[in-house]
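Have a look at the structure below, then the notes.
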Amino acid sequence: GIQVEQSPPDLILQEGANSTLRCNFSDSVNNLQWFHQNPWGQLINLFYIPSGTKQNGRLSATTVATERYSLLYISSSQTTDSGVYFCAVGSAGGTSYGKLTFGQGTILTVHP
Amino acid sequence: DVKVTQSSRYLVKRTGEKVFLECVQDMDHENMFWYRQDPGLGLRLIYFSYDVKMKEKGDIPEGYSVSREKKERFSLILESASTNQTSMYLCASSLQGAFTEAFFGQGTRLTVV
């Protein structure tokens, strides 16, 4: 099956700093999402971005499907940005029915 | 807004009990999914359903079954709970097809003692 690798595994920032999270995947995808898992465990949708670039406030994401990677940018980080960020992809091969394969996540800690 | 609601946030059950985890979505989504999340193993797909009464095994279906009698509801069943099923369970839904955004419930943290 498709492999998803996220980097870095851990990231510690001071409030106000910028950061870039990376997601590499091993095969063609028809679906790519970024999530933020809050301290209570819920996955919050950040971006649905199988290709191209999107921005939402301080967050933006870019997926280059032909090169099999996606980037999540966080600017002017805040303590509330802390948590785990997941990249999840749907393989373009076969009939996927919207199934997602998740990376291992990046644990972000933002200190005041 | 899409809402996916799981019946319990926290659950404690005894070994051997039959356990039902319920998930309801209010956006008329065709696809529904159950994942479990474990430290070091990430999120893994247990079962999914792409229509009422239709179900497909995911990557780790052993020890689980599912039921989808109505479009909005997808239940995960632990036939005989075991301690290795202690985990965070996450339900998700999405529109029909592959090119659709998935939305997750708040999660159920199950402890089997």
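Chain A is the first sequence line, chain B the second, and so forth, proteins listed ahead of strands; every chain is numbered from 1.
- Scanning all heavy atoms of the two residues, the minimum distance from A:Gln33 to B:Thr100 falls at OE1-O, 4.1 Å.
- With a 4.5 angstrom heavy-atom cutoff, B:Leu41 touches chain A only via backbone atoms.
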A:Leu43 and B:Leu43: side-chain contact (heavy atoms from CB on, under 4.5 Å), yes or no, with the steps?
CA-CA 11 Å; A:Leu43 288 175; B:Leu43 280 89; 3.8 Å; yes

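- The same ILVMFWY cluster, assembled from side-chain heavy atoms under 4.5 Å apart, contains both A:Val4 and A:Val29.
- A salt bridge (Lys or Arg N to Asp or Glu O under 4.0 Å) check over residues 38-51 of chain B, counting only residues at least two apart or in different chains, returns the pairs B:Arg36-B:Asp38, B:Asp38-B:Arg44.
- Placement of B:Tyr47 and B:Leu110 within a single hydrophobic cluster is found when ILVMFWY residues are connected by side-chain heavy-atom separations under 4.5 Å, directly or transitively.
- Atom CD of A:Glu5 has 12 or fewer neighbouring heavy atoms from other residues, nucleotides or ligands inside a 6.0 Å radius.
- Contact residues of residues 79-92 of chain B toward chain A are B:Met88, B:Leu90 (heavy-atom distance under 4.5 Å).
- For the pair A:Leu100 and B:Tyr35, the minimum side-chain heavy-atom distance is below 4.5 Å.
- Counting heavy-atom pairs closer than 4.5 Å to chain A, the top-ranked of the candidates B:Ser49, B:Gly107, B:Gly58, B:Ala102 is B:Ala102.
- Atom CD of B:Gln96 sits in a sparse spot, with 12 or fewer heavy atoms from other residues, nucleotides or ligands closer than 6.0 Å.
- The list of side-chain hydrogen bond (donor to acceptor under 3.5 Å, both in side chains) pairs with a residue in residues 35-46 of chain A, not counting sequence neighbours, reads A:Gln37-B:Gln37, A:Asn45-B:Glu101.
- Hydrophobic clustering keeps A:Phe35 apart from A:Leu46 (ILVMFWY residues linked when any side-chain heavy atoms are closer than 4.5 Å, directly or through intermediates).
- Enclosure of atom CZ in A:Arg68 by more than 12 non-hydrogen atoms of other residues, nucleotides or ligands within 6.0 angstrom is indicated.
- Considering OH of A:Tyr48 and CZ of B:Phe99, their distance stands at 7.0 Å, rounded to 0.5 Å.
- Distance check, rounded to the nearest 0.5 Å: CZ of B:Phe48 to NZ of A:Lys99 gives 4.5 Å.
- Judged as a side-chain hydrogen bond (donor to acceptor under 3.5 Å, both in side chains), the pairs with a partner in residues 74-85 of chain A (not counting sequence neighbours) are, in order, A:Arg58-A:Asp81.
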